[in-house]
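Here's the structure, in C-alpha cells; my notes come after.
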Protein chains: 2
Amino acid sequence: MSRASNRAYETIRSMILSGELPAGGQLAEEALAERCGVSRTPVRDALRRLESDLLVTRTDTQRSFVADWSLDDVADAFELRAILEGRAAKRAAERMSDAALERIRAANLRIAQAIHQPTPDVGGFLDGNRDFHSEILEAAGSRRLSALLSTLIEQPVVWRTAHHYSREALVRSYNEHEELIAAFARRDGAWAEAIMAGHILRAYHAYSDAHNGLTHLDPARG
Amino acid sequence: MSRASNRAYETIRSMILSGELPAGGQLAEEALAERCGVSRTPVRDALRRLESDLLVTRTDTQRSFVADWSLDDVADAFELRAILEGRAAKRAAERMSDAALERIRAANLRIAQAIHQPTPDVGGFLDGNRDFHSEILEAAGSRRLSALLSTLIEQPVVWRTAHHYSREALVRSYNEHEELIAAFARRDGAWAEAIMAGHILRAYHAYSDAHNGLTHLDPARG
DNA sequence: CCTGAGACATTTGTATACAATAATGTCCTA
DNA sequence: TAGGACATTATTGTATACAAATGTCTCAGG
C-alpha cells in the first residue's frame, strides 16, 4: 500500500477532518478515486483504514459515509481517552527513561515557543501537542494501548475547532503538561494518571463550552 | 465484501485461532487465496481486517505475518479488557432495560446447561459466554467501547486453551456472571464494574496458571 | 394517491494482468 | 572465505474489466 494507497488515505482523511467532505455525506469509491488521482483499488484500501479509525462508517449494504459524530459520541470518546491516556501516563511514569523524559520536555518547550508568538501559532501548538502525547504513549510501551488510542485521538469536530482556542487555553494546556513532566520526573504513576485524566477532561469541556455558544465557526485563526 | 471476502476472513481467522497457521508464520496473499478458493483481492481485504484485529502484523515492507503474542502482550490485553469491560458493565448497569436484563439471564442459563452435561460442553459454554458479554456491551450503548473491545476479546492463545478449563473453573465463571446479574438487577454501576474487572482478571490468572505448568497442550477436551 | 413490480442506473465486489518493490541467490573480487 | 554488485525470483501494489448487488425511477393497478 505504498504511494497511491497512502495518498488516497491522507487525501480522504484530510478532506474529512477539514470538513470538505461533510459529515454524513456518502463516499463513492469512484468519485474519490478521481479526486485522488488513483484507481478504486487503493481507495478501497484507504476506506478500510478510515473505517477502522471510525472516521468512516458503512451501512449494512456496504455504502460508505463520513462518520457523523453526535455530542454523545464526542463525550464518549473523551471519556475513554481520559481513561486510556491516564493509563498510558501511569505506565509511562513507571518505566520512563531519562532520554524519553528529555524528549517530552523538548516537546513542551516547542509548545511554549508556539504560544508566545505575537499571534499564537496554533499549528505549531498542535504539532508540539501531538509529539508530547505520542512520546508518552511510546514510553508507556504497550502496542495495544497505542492501537486503541489511535482511534480516539483524531476527531474531526475537535480538529476543526482547535483554531478557536484562546491563548489562555493554550497556556493552561502547557501548564498541565509541565505538571505531568514533574510527575514523570518523580516516576509517580498515580500522580501522572490523575493529571492526565484531568487534562483530557478539561480539554473536553473547553470543546464543549465552545460549542454551546458558537453555532457559526469562524475559519480565521486567533 | 460479501461472499468471497467474508469467506477469506473467516477461513484465515479460524486458521490463526486454531493454530493451523503458526504464530510468526508469513502470510503470502497468493497462497492464502488458493487455500480459500478466492482471488487475491478479497484476501487482501481480509488481511486488512485481521490486521486491525491485531491477529496479523505487517512489516515495514508490507509482508504479513501471524501475530506472535508474548506473555506480556497477553497480560497487557487482559488488563485493558478489565478496565474497558468494567467500564462497559458500569454503563450497562446504569441504563439497562428489563428486556436486556432478561437476555443476559438467558445467556447465563445456557451456560449453566452447557456446564451440567456428563462431560461439560465447552463449545456451548463459549457460545453462551460470548452472548453474555456481548449483551452487556450492547446494553452499555457505546459504539466506541464496542469497537475498542472487539480487538481485545479474541486472543488466539486463550482460544486454544479454552478447552482445558476444568468444570470447576466453568462453574466459577458462571457464579461470577450471576453476581453481575445481581448488580445489574439493582442498577448498581460501581458494583457491576468491580465484579466485571475481577472476573476478567481472574480469567487471566486461570490462563496464566495453566501455561506455567503446561508446555504441551492436549487437544482433547475435558 | 398509494403501492409494488420491474427496468434502468449506480455502486460495490471479484478476478486478472501487469507494474513496482522487496527478498534471495549467484558470481566475481579482494 | 567474506563481502558486495548484480541478476533472478517472489511478493505486494495498482489498474482495469466485468459480475453482482443495491438504489432509483417509472408506471400500471388498485
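For the numbers below, each heavy atom of this structure counts, side chains included, while hydrogens, waters and symmetry mates do not. In what follows, every chain begins at residue 1, and chains take the letters A, B, ... in the order their sequences are listed.
- Remark: A/Gln117 CD is packed, more than 12 non-hydrogen atoms of other residues, nucleotides or ligands lying under 6.0 Å away.
- Applying the side-chain hydrogen bond (donor to acceptor under 3.5 Å, both in side chains) criterion to A/Tyr204, with sequence neighbours excluded, gives no partner residue.
- One atom, CZ of B/Arg3, and another, P of D/dA19, lie 14 Å apart when rounded to the nearest Å.
- Comparing atom distances between the B/Gln26 side chain and each of C/dT16, C/dT12, D/dT12 picks out D/dT12 as nearest.
- Rounded to an integer number of Å, the gap from CG of B/Asp45 to P of C/dA15 is 11 Å.
- Few gaps surround CD on B/Glu176; more than 12 heavy atoms of other groups in view lie less than 6.0 Å from it.
- The nearest whole Å value for the distance from the CG atom in B/Asn6 to the C1' atom in C/dT14 is 13 Å.
- Within a 6.0 Å radius of CZ in A/Arg143, other residues, nucleotides and ligands contribute 12 heavy atoms or fewer.
- Among the protein residues, A/Leu27 comes within range of the sugar-phosphate backbone only, with heavy atoms under 4.0 Å from sugar or phosphate atoms but none that close to a base.
- When the nearest nucleotides of DNA chain C are assigned to A/Thr41 and A/Ser64 by heavy-atom distance, the more 5′-ward of the two goes with A/Ser64.
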Mind listing the N/O atom pairs, protein and nucleotides 22-24 of chain C, below 3.5 Å?
from	atom 1	to	atom 2	distance (Å)
C/dA23	OP1	B/Thr61	OG1	3.0

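- At distances below 3.5 Å, at least one donor-acceptor pair connects side-chain atoms of B/Arg144 with backbone N or O atoms of A/Thr151.
- Ranking C/dA17, C/dA15, D/dA17 by closeness to the A/Arg40 side chain, first place goes to D/dA17.
- For B/Glu34 and C/dA15, the CD to C1' distance is 15 Å, given to the nearest whole Å.
- With the nearest nucleotide of DNA chain D identified for both A/Val38 and B/Ala28, B/Ala28 has the one nearer the 5' end.
- Remark: P of C/dT11 and CZ of A/Phe65 are 11 Å apart, rounded to the nearest angstrom.
- Inter-residue side-chain proximity for A/Arg91 and A/Leu145 is flagged as met; some heavy-atom pair is nearer than 4.5 Å.
- When the P atom of D/dT16 is taken as reference, atom CD of A/Glu30 falls 11 Å away, rounded to whole Å.
- We find that CD of A/Glu29 is positioned 12 Å from C1' of C/dT14, with the value rounded to whole Å.
- Considering B/Glu30, B/Glu34, B/Glu29 in turn, B/Glu29 is the only one that fulfils the side-chain hydrogen bond (donor to acceptor under 3.5 Å, both in side chains) rule with B/Arg40.
- Distance A/Leu32 CG to D/dT14 P: 16 Å, rounded to the nearest Å.
- For A/Pro42, the listed nucleotide lying nearest its side chain is D/dT14; candidates were C/dT14, C/dT12, D/dT14.
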